[in-house]
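Note that the structure is predicted; figures quoted are calculated from it, not measured.
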Amino acid sequence: MNSIIATQNNDTTKGFPSEETVVEGEDTISKLHESVLGHVLSFLPTMEAVHTSVLSKRWIDVWKSITGLQFNDTFHCFGKKMQREQFVCFVNGVLLHLANSNIQSFSLSLTCSQYDSSQVSAWISSILERGVQKLHIQYTDNVLFPSHSLFSCSSLVQLVLQMRCTLCVPIFASLPNLQNLSISGIRVVSESTTYSEDLILNFPVLKVFEARGCEWLTKQSISIQAPLLKRFSITIWNSLSNESCKSAIKVFAPCLTDFSYEGDLEQDIILLNSSSILSASVVIVIDEDREDSMEKLGFQVHKLLAQIREVERLKLLFYKVLMHATDIFTHLPAFRRLTYLQLNEVTAEALLNLLHNSPILNTIVLQNAYNANDR
């Protein structure tokens with residue numbers, strides 16, 4: 001029998017009951033509303049959330065109120081790793097039970113096995129069609145990505161795609177609520193092969209854009225319109241691709257403050273209204289076998305740096321570059337607001353040019369100097 005502890009309040013205390021009763025061992029959590037319990041369970045891996053159904057009759061259907069799904073094929077069920085077929089059946093079963101539910105977030109991490117491409121595509125498409133707000137997909141194999149479903153999902157707030165897939169970009173696409181976009185390993189192609197104007201991606205409330213190791217293979221230039229964008233980061237290596245592409249990536253972001261570029265300068269990055277950028281990082285690595293790239297390298301570097309000449313902090317790193325193109329710093333823009341500069345490969349002459357073009361520079365960090373006589 002549960003014991004009852006009664007405490008008598010001070011008679012001078014007013015506005016409170018004179019007696020408080022606490023029952024030891026009482027299950028207060030189960031008394032919470034089902035929507036509250038579902039919200040709490042949404043923070044757990046979906047497998048663990050479903051396992052709560054064995055606690056008691058009260059909990060049998062509570063997991064069906066979850067608003068967030070987290071599937072990971074590395075998860076162990078009762079101490080044993082799930083087989084691929086078991087995992088597929090589990091995901092299908094959960095999605096079937098929650099067919100009419102409001103799913104706000106969906107995370108799918110597939111790192112242990114290969115799955116049928118159409119099956120994975122069906123999972124993603126199903127979630128996008130339910131108006132998901134946060135979508136995170138991680139998969140190392142190729143997937144036929146449901147591009148139309150993606151660009152039709154106006155509810156998206158956060159999108160993370162770390163996967164090998166082809167994304168077909170329409171002539172115009174708008175994701176009105178997207179605030180964070182991070183993509184990795186994706187091949188971006190055009191839905192139209194005949195359209196000659198820029199492809200427009202409209203992100204009216206986007207704050208962060210990150211793209212790493214993607215192939216931008218559209219015949220048209222891509223215009224990213226993001227008036228509230230704060231951070232833009234892109235890593236792009238066209239020299240590693242078998243396909244040549246001369247299209248540009250144009251960024252209209254008048255509020256941009258943080259810009260990061262890492263690549264081989266084979267594809268143009270055009271920053272429109274870039275005077276708001278305060279901090280920038282530029283890392284250039286050139287394939288030594290591509291001597292034709294060296295001839296235009298100085299022009300490409302100047303073209304990129306000229307767009308960020310109003311920065312206050314700049315990290316400028318070159319790898320395998322100066323030994324082939326020592327005149328890269330010959331024509332530099334004036335950095336009239338630059339106060340902090342970090343360099344690695346730099347000659348004495350180049351350093352003098354940089355100091356001359358940076359009148360208020362007060363901090364310079366040199367990782368190592370470069371001696372042209374060592375060539």
Peer 1: Is any side-chain heavy atom of Trp216 closer than 4.5 Å to one of Ile234?
Peer 2: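 Yes; the side chains approach each other to less than 4.5 Å.
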Peer 1: Is it the case that the side chains of Ser223 and Asp198 hold a donor-acceptor pair, with the cut-off being a distance below 3.5 Å and no angle test?
Peer 2: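 Asp198 vs Ser223: no donor-acceptor pair found between side chains.
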Peer 1: Report the distance from atom CD of Gln104 to atom CD of Gln133, rounding to the nearest 0.5 Å.
Peer 2: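 Here the rounded value is 5.0 Å.
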Peer 1: Between atom CD1 of Ile127 and atom SG of Cys153, what is the distance when rounded to the nearest 0.5 Å?
Peer 2: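 Answer for the CD1-SG pair, Ile127 versus Cys153, is 10.0 Å.
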Peer 1: Applying side chain to side chain contact (heavy atoms under 4.5 Å, CB included) between Leu354 and each of Leu341, Leu361, Leu338, Ile364, report the one that passes.
Peer 2: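 When Leu341, Leu361, Leu338, Ile364 are each tested with Leu354, the side chain to side chain contact (heavy atoms under 4.5 Å, CB included) holds only for Leu341.
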Peer 1: Looking at CG of Leu314 and OG of Ser281, how far apart are the two atoms once the value is rounded to the nearest 0.5 Å?
Peer 2: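 Answer rounded to 0.5 Å: 8.0 Å.
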Peer 1: Nearest 0.5 Å, what's the CG-CG distance between Leu150 and Leu135?
Peer 2: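 Here the interatomic distance stands at 8.0 Å.
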Peer 1: Answer yes or no: are there more than 12 heavy-atom neighbours, outside Gln119 itself, under 6.0 Å from its atom CD?
Peer 2: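 Yes, because the 6.0 Å sphere around CD of Gln119 holds more than 12 heavy atoms from other groups.
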Peer 1: Out of the candidates Asn72, Val143, Asp73, only one should pair with Leu110 under the side chain to side chain contact (heavy atoms under 4.5 Å, CB included) rule; please name it.
Peer 2: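 In the set Asn72, Val143, Asp73, the residue that makes a side chain to side chain contact (heavy atoms under 4.5 Å, CB included) with Leu110 is Asp73.
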Peer 1: What is the distance from atom CD1 of Ile249 to atom CZ of Phe209, rounded to the nearest 0.5 Å?
Peer 2: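 Rounded to the nearest 0.5 Å, the CD1-CZ separation comes to 7.0 Å.
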Peer 1: If you compare all heavy atoms of Tyr261 against all heavy atoms of Leu265, which two are closest, and at what distance to 0.1 Å?
Peer 2: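 That closest heavy-atom pairing would be OH-N, 2.9 Å.
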Peer 1: Look at the rings of Phe259 and Phe232 and say which category their plane angle falls in: under 30° parallel, 30 to 60° tilted, over 60° perpendicular.
Peer 2: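 Taking Phe232 first and then Phe259, their aromatic rings lie parallel (interplane angle under 30°).
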Peer 1: Taking the side chain as every heavy atom from C-beta outward, state whether Phe172 and Asn202 have any pair of such atoms under 4.5 Å apart.
Peer 2: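 Heavy-atom side-chain distance check passes, below 4.5 Å.
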Peer 1: Quick one: are Leu278 and Arg337 in side-chain contact, heavy atoms under 4.5 Å?
Peer 2: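 SC-SC contact between Leu278 and Arg337 confirmed.
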Peer 1: Answer whether the closest heavy-atom distance between the side chains of Arg130 and Leu98 falls below 4.5 Å.
Peer 2: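 When only atoms from C-beta onward are counted, Leu98 and Arg130 do touch, with a gap below 4.5 Å.
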Peer 1: What residues, two or more places apart in sequence or in another chain, satisfy side chain to side chain contact (heavy atoms under 4.5 Å, CB included) together with Leu272?
Peer 2: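 Result, side chain to side chain contact (heavy atoms under 4.5 Å, CB included) vs Leu272: Phe252, Ile270.
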Peer 1: What are the two closest non-hydrogen atoms of Thr339 and Asn362, and how far apart are they?
Peer 2: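 For Thr339 versus Asn362, the nearest heavy atoms are O-OD1, 2.9 Å.
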Peer 1: Quick one: pull up OG in Ser105 and CD in Gln70 and give me the separation to the nearest 0.5 Å.
Peer 2: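 One gets 7.0 Å once the value is rounded to the nearest 0.5 Å.
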Peer 1: Salt-bridge test for Asp268 and Lys303: reply yes if a basic N is under 4.0 Å from a carboxylate O, no otherwise.
Peer 2: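 Answer for the salt bridge query: yes.
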Peer 1: Just wondering, are more than 12 heavy atoms of other shown residues or ligands nearer than 6.0 Å to CZ in Arg212?
Peer 2: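 Counting other residues, nucleotides and ligands, CZ of Arg212 stays at 12 neighbours or fewer.
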Peer 1: Between Leu159 and Asn180, is there a side-chain heavy-atom distance shorter than 4.5 Å?
Peer 2: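 No. Closest side-chain heavy atoms not under 4.5 Å.
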Peer 1: Just checking, is any N or O donor in the side chain of Ser221 or Ser247 under 3.5 Å from an acceptor N or O on the other one?
Peer 2: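 No.
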